[in-house]
Amino acid sequence: MRYDFDEIIPRRRTCSYKWDSASDDDVLPMWVADMDFRTAPAIQSALQRRVEHGIFGYTKVPDAYYEAIICWFKRRHGWNIRRDWILYTPGVVPAISAIIKALVRPTEGVLVQTPVYNCFFSSIRNNGCRIVASPLLRNHLEYQIDYVALERDIVEQNVRLMLLCNPHNPVGRVWSREELLQIGKICLKHDVIVVSDEIHGELVYPGYTYTPFASLSADFLEHSVTCTAPTKAFNIAGLQIANIVVANPEWRKRIDRAININEVCDVNPLGVEALIAAYNEGEEWLSALLEYLYANYLYMQTYGQQNFPQFPIGRLEGTYLVWMDCSELGVSSEALEHQLLENVKLWLNAGAMYGETERCFLRWNIACPRPVLADGLERFARFVATL
């Protein structure tokens, strides 16, 4: 089946957080991480059938929900998940907050590898815990893990839990099996819980493989918690559906309690139907989407090299979020975000919000029709020409 990802679908006046947050209709939003494509036809059909019923009461999650998750991860990633390990919740961020509440005492350290997804910071702060930033090693735009610093930070900062972003937002790394094994060994050695945010796990490009952290060994499984969702890969974030996978029965009991304390223990009927359809019938659409997204990345790479080579972008192994180094300008990323918005009506994310404060980086969301991407790149080129 052919899917038309080039179709430009108007999103203004649809209560879109991405498109309706700016009061100026001339603003092109390429910031918040949702896609400008319709979701898979199978998901649309499933939702239409459910809407036709016309009643949307409290939802009892069916067996088919768990079966869809179990079959998807076994088929695509070789991970055998048991039903009783799964806890559903409206989103990965509420899940992370509940996990921290359940497993970490206030004032204990929670480690993140910066630059990293900004909501990690708020989830830690909101639970009264200490943020321990262990920066990734950067060689130009190649990011790696500094294992010596990671272990040192764990020991010196009394770290109880590590938030792992796998694949990594915003630098676009898909951590290899070997890298994950090294992280796991360090964390096991020092009795550190690994909580792995794997929401971008399906968004991986040729030459790279997403590996669920918990699938690597029985010890890793027992000493970790995994957060997953189909929402990024299938563009259904607004349907509020995610899952926590936790094999450790004592931790699962405590997390389940925290989910209820935080009042994030219920999900909506449309989210349930969407997940089942995505995992049972969405694979072909997802494959086509990945081809299109990777072609977008190659287009951006070529355009940038030809028009503003002084602002290089990182290698995109996974996600649809491109990390651009604008340090040559000598301004802060917050100032640059503001200037782009004011001068050419292009809205990008400042790298500072992800903990990158030493240099000026921007995060681009390239999950859009190619003509829209071209518009964004042309706006950036016009801005550069005025400098």
Partners passing ring pair (Phe, Tyr, Trp, His ring centres under 6.0 Å) against Y65 (at least two apart in sequence or in another chain): none
Approximate separation, where rounding is to 0.5 Å, of T231 OG1 and L239 CG: 9.0 Å
Under-4.0 Å salt bridge between D256 and R252: no
Quick check: does any side chain N or O of S333 sit under 3.5 Å from a backbone N or O of A352, one acting as donor and the other as acceptor? yes
If I compare all heavy atoms of N80 with all of W85, which pair ends up nearest, and what's the gap? O-CZ3, 3.3 Å
Could you tell me which residues satisfy salt bridge (Lys or Arg N to Asp or Glu O under 4.0 Å) with R82, sequence neighbours excluded, listed by chain and number? D84
For the residue pair A367 and M35, what are the closest heavy atoms and their distance? CB-CG, 3.2 Å
So do L373 and Y299 actually touch side chain to side chain, heavy atoms under 4.5 Å? yes
Approximate separation, where rounding is to 0.5 Å, of I183 CD1 and W175 CH2: 6.5 Å
Determine whether L340 and F380 make a side-chain contact, defined as any pair of heavy atoms from C-beta on separated by less than 4.5 Å. yes
Check whether any side-chain heavy atom of S224 sits under 4.5 Å from a side-chain heavy atom of L164, and report yes or no. no
Between the main-chain N or O of C265 and the side-chain N or O of N260, is there a donor-acceptor pair closer than 3.5 Å? no
Checking side-chain hydrogen bond (donor to acceptor under 3.5 Å, both in side chains) for the pair Q301/Y297: CA distance, chi angles, key distance, verdict? CA-CA 6 Å; Q301 188 178 58; Y297 165 67; 3.1 Å; yes
Between N166 (side chain only) and S196 (backbone N and O only), is there a donor and an acceptor less than 3.5 Å apart? no
With a 3.5 Å distance limit and no angle check, can you tell me whether H77 reaches the backbone of F73 through a side-chain donor-acceptor pair? no
If you look at every heavy atom in C326 and L362, which pair is closest and at what distance? SG-CD1, 3.8 Å
Which atom of V267 lies closest to which atom of P90, heavy atoms considered: CG1-N, 4.0 Å
Between the main-chain N or O of N280 and the side-chain N or O of E283, is there a donor-acceptor pair closer than 3.5 Å? no
Results of salt bridge (Lys or Arg N to Asp or Glu O under 4.0 Å) for E202 - residues two or more places apart only: R76
Is the shortest heavy-atom distance from the side chain of R160 to the side chain of D191 under 4.5 Å? yes
Going by side-chain heavy atoms closer than 4.5 Å, which hydrophobic residues are tied to Y17, directly or by a chain of links? V27, W31, V32, L341, W347
Do the side chain of D20 and the main chain of T14 share a donor and acceptor less than 3.5 angstrom apart? yes
Applying side chain to side chain donor-acceptor pair (under 3.5 Å) as the test, list every pair that has at least one member in residues 33-44; sequence neighbours left out. E7-R38, R11-D34, R11-D36, K18-D36, W19-D36
Within the 4.5 Å heavy-atom criterion, are I100 and C129 side-chain neighbours or not? yes
Side chain to side chain donor-acceptor pair (under 3.5 Å) contacts in which one or both residues fall within residues 351-368, not counting sequence neighbours: N169-R363, D325-R359, S327-R359, N349-Y354, N349-R363, Y354-R363
Supply the atom-to-atom distance S97 OG to F120 CZ, rounded to the nearest 0.5 angstrom. 10.5 Å
Cation-pi check, R370 onto F5 ring (under 6.0 Å, within 45° of axis): no
Nearest 0.5 angstrom please: C227 SG to I199 CD1, how far? 9.0 Å
Suppose the criterion is ring pair (Phe, Tyr, Trp, His ring centres under 6.0 Å): which pairs have a residue in residues 251-281, not counting sequence neighbours? W72-Y279
Any residue meeting salt bridge (Lys or Arg N to Asp or Glu O under 4.0 Å) with E179, in chain and number order, not counting sequence neighbours: R173
For R50 and V272, run side-chain contact (heavy atoms from CB on, under 4.5 Å): C-alpha distance rounded to whole Å, both residues' side-chain angles, the deciding distance at 0.1 Å, then the answer. CA-CA 10 Å; R50 183 63 183 83; V272 171; over 6 Å; no
Is there a side-chain contact between L136 and H168 (heavy atoms, below 4.5 Å)? yes
Are any side-chain N or O atoms of T89 and backbone N or O atoms of A95, one a donor and one an acceptor, separated by less than 3.5 Å? no
Smallest separation among heavy atoms of L150 and S134, with atom names: CA-OG, 3.7 Å
Report yes if the distance between the aromatic ring centroids of Y3 and Y292 is under 6.0 Å, otherwise no. no
List the residues meeting side-chain contact (heavy atoms from CB on, under 4.5 Å) with D25, not counting sequence neighbours, and say none if there are none. R12, R13
Looking at E317 and V174, would you say the former's side chain and the latter's main chain have a donor-acceptor pair under 3.5 Å? yes
Should Y210 and L289 be counted in the same cluster of Ile, Leu, Val, Met, Phe, Trp and Tyr side chains packed under 4.5 Å apart? yes
Residues pairing under side chain to side chain donor-acceptor pair (under 3.5 Å) where one sits in residues 108-119, two or more places apart or in two chains, turn out to be R105-E108
Pairing residues for K185 by the salt bridge (Lys or Arg N to Asp or Glu O under 4.0 Å) criterion, not counting sequence neighbours: none
Looking only at atom types and distance, does a side-chain atom of S45 sit under 3.5 Å from a main-chain N or O of A42, one as donor and one as acceptor? no
Is any side-chain heavy atom of N139 closer than 4.5 Å to one of L137? no
Does any non-hydrogen side-chain atom of H190 lie less than 4.5 Å from one of M162? no
Would you find a donor on one side and an acceptor on the other, under 3.5 Å apart, between the side chain of K345 and the backbone of R379? no
Measuring from atom CG of L161 to atom CG of L111, what distance do you get when rounded to the nearest 0.5 angstrom? 9.0 Å
Under the ring pair (Phe, Tyr, Trp, His ring centres under 6.0 Å) test, which residues partner Y205, sequence neighbours left out? Y294
Return yes when atom NE2 of H338 has more than 12 non-hydrogen atoms of other residues, nucleotides or ligands closer than 6.0 Å, and no otherwise. no
